[in-house]
Structures are given as structure tokens and as C-alpha cells.
Amino acid sequence: MLAQSGFRVTLLEQASQLSETGAGIQLSPNATRILIALGLGERLRADVFVPEAVAIKTASGGRLARIPLGDEAERRYSAPYWAIHRGDLQAALLEAVQANPDIVLRLGTKVEDFVEHANGLSVACRQGAIAADEHGIALIGADGLWSVLRSRLKHPAPEFRQRTAWRALIPADTVEEEFRAPEVQLWLGRNAHLVHYPVKGGTLINIVAIVNDKWAEPGWNTEGKREELLAHFSPWSWCLPAREFLAVPGHWLKWALYDLPPLNVLGHGPVTLMGDAAHPMLPFLAQGAAMAIEDAAVLADSLARTPDDPAAAMRRYERARRKRTAQVQQAARSNGRVYHLGAAEAVLRNLFLRLAGGKMLLRRYNWLYDWRTVPPGSIARPGALPRPQAGDE
Ligand SMILES: Cc1cc2nc3c(=O)[nH]c(=O)nc-3n(C[C@H](O)[C@H](O)[C@H](O)COP(=O)(O)OP(=O)(O)OC[C@H]3O[C@@H](n4cnc5c(N)ncnc54)[C@H](O)[C@@H]3O)c2cc1C
């Protein structure tokens, strides 16, 4: 987006090679609208899976609600709801980066620090043992949950939220038909919930199981033991098909879940943060990557408005994003509580879900999915973009 606005961009990535993360991701209309405006629509459409609905169930298998997605979401929000394998999304973004001569990607380059000058800044990087400094007019910390730049800006570290996410990806033909349905399925139980949906054209099923847990180790690649996971899905409350489904993957990865209360002032001078570095959130609204994508659109637009004053552009971007990202962080946390209720509270929740019905439940997310901004691509391709929406900026 920055390159489309006429900036030259250097991407500094610590990983020495870009490998496929073996997991799926949901992309809601607020994010797909931006990716499509960026020109990635056709490329991504080849790889995405379009879920027809979110089917909400109890741990015992009872149906609570069916929130329509598919055509209904696309009609309502003028943008689709997609599920995609993270590797496919990464590949599409990488191709776009490589096709643009104004973007340089430096792999194996770890950012360690920065220093501001009167007219720009220097970034201290390391490629293995070798120092490899970079210089520019602005610096955007998109370095994720454990952001070095966030701590360099003296913000607090993320806080553990007593939940662990377990992830697995399995061939669709290894599970019963119920688990292959073209839906996002959300199963709610006491102190645990389960989400699964097809990716890779329906040939793989992405599974995320979230449990209350005290295990707080940071990182993304801890192997999880199937028996340990199944202990959180007791036969007293979870039906046999769900437990049998959870027993299929031979390989689980688990990670502890963190977030951070909203930060008051994000950056300093021509430096800012975006995505999980700026507003890490719990995954219970499937919005972390979507917020990073929205950030990118707003940030590029802001820099394009005052290219000679990056510091002013950064503060404008931060002001534009604070309320919305705080609201999404809060809503994700609230879902985390509601999903894991037990006893009488769960009965009330289930009653509400049954009575509300799918369409009403979808309408409750209009504020989230119907968000629009004016990505800088609109400058290059007039008419390609959706209408701006008042309120967030
Ligand atoms: C279980 C689970 C399910 C989720 N499901 C969804 C979903 O369905 N939809 C959704 O929108 N979101 C989802 N999310 C959230 C989403 O994965 C994150 O919010 C998103 O990946 C954040 O993107 P990011 O670019 O800010 O950070 P990251 O994806 O963490 O990327 C940060 C990058 O910075 C690099 N880096 C870090 N430090 C340095 C350094 N010092 N120097 C150079 N490079 C560095 C890293 O190598 C990495 O490539 C989910 C999260 C979890 C845990």
C-alpha cells in the first residue's frame, strides 16, 4: 500500500526464509475489501474457501445458531468472508512484493534498535553476526506480539490471559462428514471451545481448540500432546463425535494467549507500530490479522496525505485507529469469557443464541465487518474503492 502511494519500502524480516505456517486464517469482509482493493482479489480467490455460515453448537452437539456467511455476507458487506491457508495468503503477498520494484525484502534481518535524526532515522539491524543498518524517513514496527520496537518505545509487555490455543491441520477425508461441512463450526463448552473450518479448497480442515490453562510459555512452536488436550474435553460434557474428531490429528502445536490493554500514545516522531505490535488481541473474534490489514490501509493513506511530515502522518494514523482497535480487543476478550461459560450462565447464553437467530447475530457484527477506509490504491485506480464510512477516522 505504501509502494502504491509512491514510497520506497524496505521490509526487514528476521526469518531467513519464508516457510508456510501450517494453519488457516479467517479473513472477514473488513479485511478482504482492502486486499481486493489492493489488487489481490483474483489471485486470492484461487486459494480461498468461502464458508457458507458459522454454525454454533454446544459441547454435547446441539445446534444453537447458524450465522449466514457466503453470499449473504458478500451481499451485505460488498466484500466476501474467506478462510485461507496462511501459506497461501503469504504466497500471494510475497508475489505482490516481488513484482513491485519499489519494495525490497531483506530476509534474515533482525531489527534491534533505531535512532531518530533531524530528518529521518537509522535502524540498527543484524544479519547473523553482521551489523546491517538501514536508513529512512519513517519506521513501522510490524514485528508482532513480542515486538522489539514496542519494548524499545517503553511500552509494557503483553499479559497472559490464562488460555492456550491448540492448532492442527488434517486431511478432510480423515474425518466424518459433519466435520467437513463448508462452514466455520464453533463448539462451546465449559472452559474450552473448538473452532474448525476447511481450507485449501476443502481438502484440509483447520482446527483450533482453546482451553483454560496456566501454561504461559511464549512462542509458537511447542508440540502439544493429544492426551493432554483431550483431558480438557471431558466425556462428561463433550460428545463422542467431537472427542473422536480431536483425536484424529497426530500432531498438535500449542501456544499461550496474550494481549495488552490499549496503549495511549503508540509511537514517537516518525516511528509507529501496527498489527500485533500495536494492539495484540485474543483470537476469539478472528480479527488480529484483519486489524493489521486495516492498519496498513489507514497508515499508507495517512503518509500519502503528508509525505513531507511523517511524524504528523504517524500521529494521525494512531488517532484514527485507537478507538476501533481497542473496541475489537475488548470484543475479543468478551467472546473469550462468553464462550467458556458454564452452568446457569451457559444456559442463558444458549437461550439467547437460539432466540436471536443467525441473521440477527450477523447484524450485531455490522460495526466490525462493514468498516471502510480509503486505501491509497484508490489514488491509482479511481472508482475501485468502496465508500468511506464516518466514525472511525
Ligand atoms: C489461534 C489463533 C487464531 C487466529 N485466527 C485469526 C483469524 O482467523 N483471523 C485473523 O484476522 N487473525 C487471527 N489470528 C491473529 C493473527 O494471527 C495475528 O493477529 C496476526 O498474525 C498479526 O500479524 P502481524 O503482522 O502484526 O504480526 P506477525 O504475524 O506476528 O508477524 C510479525 C513478523 O515480524 C517478524 N519479526 C519479529 N520481530 C522482528 C525483528 N526484531 N526484526 C525483524 N523481523 C521481526 C516476525 O518474524 C514475523 O514475520 C489468530 C491468532 C491465533 C493465536
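Whatever order the structure lists ligands and atoms in, that order sets their numbers, starting from 1. Everything numeric in this text was worked out from a predicted model, so none of it was measured.
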Asker: Using distance alone, with no hydrogens and no angle criterion, decide if Thr373 and Glu294 have a side-chain donor and acceptor under 3.5 Å apart.
Answerer: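 Per modelled atom types, Thr373 and Glu294 side chains form no pair under 3.5 Å.
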Asker: At less than 4.0 angstrom from any non-hydrogen atom of Lys110, what atoms of ligand 1 do you find?
Answerer: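 What qualifies from ligand 1 is 41 (N), 42 (N).
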Asker: So, regarding Ala289 and ligand 1 (criterion: nitrogen or oxygen to nitrogen or oxygen, under 3.5 Å), is there a contact or not?
Answerer: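 Looking only at distances, the answer is yes, because the N/O contact criterion of under 3.5 Å is met.
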Asker: Would you call the rings of Phe245 and Phe179 parallel, tilted or perpendicular, where under 30° means parallel and over 60° means perpendicular?
Answerer: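 The arrangement is parallel - the two ring planes meet at less than 30°.
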Asker: Which atoms of ligand 1 have any heavy atom of Gly144 under 4.0 Å away?
Answerer: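 Near Gly144, meaning under 4.0 Å from one of its heavy atoms, ligand 1 has 27 (O), 30 (O), 32 (C).
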Asker: Under a heavy-atom criterion of less than 4.0 Å, does Trp255 contact ligand 1?
Answerer: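 Yes.
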Asker: Run the numbers for me: atoms of ligand 1, each under 4.0 Å from some heavy atom of Leu12, listed by number.
Answerer: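 That gives atoms 43 (C), 44 (N) of ligand 1.
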Asker: Mind checking whether Tyr369 and Leu362 have side chains closer than 4.5 Å, heavy atoms only?
Answerer: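 Tyr369 vs Leu362: side chains touch.
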Asker: Looking only at non-hydrogen atoms, which of Ala23, Ala286, Ala332 approaches atom 10 (C) of ligand 1 most closely?
Answerer: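 Ranked by closest heavy atom to atom 10 (C) of ligand 1, first place is Ala286.
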Asker: In Å, rounded to the nearest 0.5 Å, how long is the span from OG of Ser302 to CG of Asp295?
Answerer: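 That separation rounds to 12.0 Å.
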Asker: Take the angle between the ring planes of His196 and Trp187 and call it parallel below 30°, perpendicular above 60°, tilted in between.
Answerer: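 Ring orientation, 0 to 90° scale: tilted.
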Asker: Just go through Glu13, Met274, Glu112 and tell me whose heavy atom is the nearest to atom 46 (C) of ligand 1.
Answerer: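 Residue with the shortest heavy-atom distance to the ligand atom: Glu13.
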Asker: Taking the non-hydrogen atoms of Leu149, is any one of them nearer than 4.0 angstrom to ligand 1?
Answerer: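 No, that is not the case, since the closest heavy atom of the residue is not under 4.0 Å from the ligand.
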Asker: Quick one, His268 and Leu153 - any side-chain contact, counting heavy atoms below 4.5 Å?
Answerer: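 Contact flag for His268/Leu153 side chains = yes.
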Asker: Identify the closest protein heavy atom to atom 31 (O) of ligand 1: which residue and atom is it, and at what distance?
Answerer: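 Sorting protein heavy atoms by distance from atom 31 (O) of ligand 1 puts Ala142 O, 4.2 Å first.
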Asker: Compare Met281, Arg86, Gln287, Gln26 and give the one whose heavy atom is closest to atom 14 (N) of ligand 1.
Answerer: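 Comparing heavy atoms across Met281, Arg86, Gln287, Gln26, the nearest one to atom 14 (N) of ligand 1 lies in Arg86.
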